[in-house]
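Down below is the structure, laid out as structure tokens.
Predicted model, so just to flag it, every value in this text is computed and none were measured. Side chains are part of it too, since the values below use all heavy atoms of this structure and drop only hydrogens, waters and symmetry mates.
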Amino acid sequence: MGERFAVVSGGGTGIGAAVAGGLVADGFEVLIVGRRADVLLATAERIGAECGRPAAVSAVTADLTDPAQLAGVVSAVGERTVDAVVNNAGGYLGGPTDTLVDVAAWWRANLDANVLTAVLLTEALLPALRRPGGRVLLLSSIAAQRGGAGPYSAAKAALHGWAYDLATQLGPDQITVNVVSPGYVAETEFFGDRMTPEGHAKRVAATLVGRAGVPDDIAAAVRYLVSPAAGYVTGQVLGVNGGSVLGR
């Protein structure tokens with residue numbers, strides 16, 4: 001089958017960068033997608049240098065909420081067959097809520113960032129997905145299961161329902177679709193400057209294992225789900241949260 005090829009959105013930092021590095025270690029070539037060209041290029045160069053394969057990671061800049069910009073991603077993929085699409089782009093977006101107009105804008109921004117990015121990237125790459133054997137991964141959040149983050153919680157929960165539909169649609173082609181739902185993960189840009197020592201301690205205390213997650217914890221789950229070993233796993237939500245929310 002030759003070298004496998006994956007596309008990872010939000011691949012410049014945090015979980016996305018860890019996923020890209022892990023997939024390269026597993027023998028993939030990886031295209032990372034994001035909005036910040038300098039960050040993407042630095043990550044691509046770092047991973048390439050660490051693995052001794054300078055061309056293993058390439059990068060393309062795109063705002064995946066804008067349908068017109070998906071053409072650049074498709075062009076970067078070119079004629080290659082895509083073995084895995086890892087939809088990691090997203091995050092919690094704050095905003096004013098003083099008026100209904102503000103509330104609508106806040107909700108739309110979070111839905112666009114967390115749902116529309118995944119939908120548009122996946123739909124754009126569906127024709128290129130390997131048949132049989134392709135993989136689609138959606139990165140959700142513990143917030144989808146326990147709430148607490150308003151439109152972000154709702155947006156991440158929406159990915160679960162869509163994953164079930166997509167798994168049903170693509171199952172006959174033996175393409176699997178799964179969700180990885182992280183809990184609290186330190187060493188990312190997610191919280192920005194909002195995280196306090198008290199907030200960190202509270203989240204660690206909520207786990208059963210007594211520690212925060214790190215990006216490599218999430219990357220390990222993705223690496224399994226895109227591997228040949230996971231060919232019989234589809235339409236599932238895998239919580240990687242240290243036991244802070246039990247499976248259900």
Side-chain angles (χ1 to χ4, degrees), residues 1-62 64 70 72-91 117-118 121-122 124-126 128-140 175-182 185-190 213-231 233 238 240:
M1 186 169 64
E3 195 165 61
R4 292 178 292 169
F5 175 59
V7 179
V8 179
S9 69
T13 63
I15 290 171
V19 167
L23 294 181
V24 167
D26 292 337
F28 280 81
E29 286 189 354
V30 178
L31 174 68
I32 54 176
V33 185
R35 293 178 298 174
R36 296 176 293 175
D38 56 340
V39 173
L40 292 172
L41 291 173
T43 297
E45 290 176 1
R46 175 182 59 78
I47 294 173
E50 289 174 352
C51 72
R53 295 164 55 203
V57 182
S58 54
V60 61
T61 306
L64 297 177
L70 271 296
V73 180
V74 172
S75 177
V77 169
E79 298 300 316
R80 289 178 288 187
T81 298
V82 177
D83 293 276
V85 180
V86 181
N87 290 287
N88 173 68
T117 53
L121 181 62
T122 302
L125 297 182
L126 277 183
L129 269 174
R130 185 174 296 281
R131 292 167 168 81
R135 303 283 191 262
V136 177
L137 268 292
L138 309 176
L139 271 292
S140 175
I175 295 171
T176 68
V177 181
N178 291 290
V179 178
V180 174
S181 179
V185 179
E187 303 175 17
T188 76
E189 296 181 340
F190 181 84
V214 295
D216 281 345
D217 291 320
I218 313 307
V222 172
R223 292 167 72 178
Y224 163 65
L225 288 170
V226 304
S227 74
V233 180
L238 175 58
V240 185

Validation row: [X], [Y] side chains within 4.5 angstrom (heavy atoms):
X      : Y      : answer
Leu64  : Ser9   : yes
Ile175 : Arg135 : no
Thr176 : Leu225 : no
Leu137 : Val180 : yes
Pro228 : Arg4   : yes
Arg35  : Leu40  : no
Val19  : Ile218 : no

Quick one: does any side-chain atom of [X] pair with a main-chain N or O of [Y] as donor and acceptor, under 3.5 Å?
X      : Y      : value
Ser227 : Tyr224 : yes
Thr81  : Arg130 : no
Asp83  : Phe5   : yes
Asn88  : Gly11  : no
Arg131 : Leu129 : yes
Thr43  : Gly12  : yes

Atom pair [atom1]/[atom2] of [X] and [Y] - distance to nearest 0.5 Å:
X      : Y      : atom1 : atom2 : result
Asn178 : Leu139 : CG    : CG    : 11.5 Å
Leu121 : Leu126 : CG    : CG    : 9.5 Å
Glu50  : Glu45  : CD    : CD    : 12.0 Å

Do you know which two heavy atoms are closest between [X] and [Y], and how far apart they sit?
X      : Y      : value
Gly14  : Pro215 : O-CB, 3.7 Å
Gly16  : Val8   : O-CG1, 3.8 Å
Val24  : Cys51  : CG1-SG, 3.5 Å
Ala18  : Asp216 : CB-OD1, 3.6 Å
Ala221 : Leu238 : CB-CD2, 3.8 Å
Val73  : Ala62  : CG2-CB, 3.9 Å

Could Arg53 and Glu29 be called an ion pair, given the rule that one side-chain N must be under 4.0 Å from one carboxylate O?
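Salt bridge flag = no for Glu29 with Arg53.
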Given the rule in the side-chain contact (heavy atoms from CB on, under 4.5 Å) test, do Asp217 and Val185 qualify, once you have shown the distances and angles that lead to the verdict?
CA-CA 9 Å; Asp217 291 320; Val185 179; over 6 Å; no
Do Thr117 and Asn87 pair up side chain to side chain, a donor and an acceptor below 3.5 Å, judged on atom types alone?
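No pair is found: no donor N or O on one side chain lies under 3.5 Å from an acceptor on the other.
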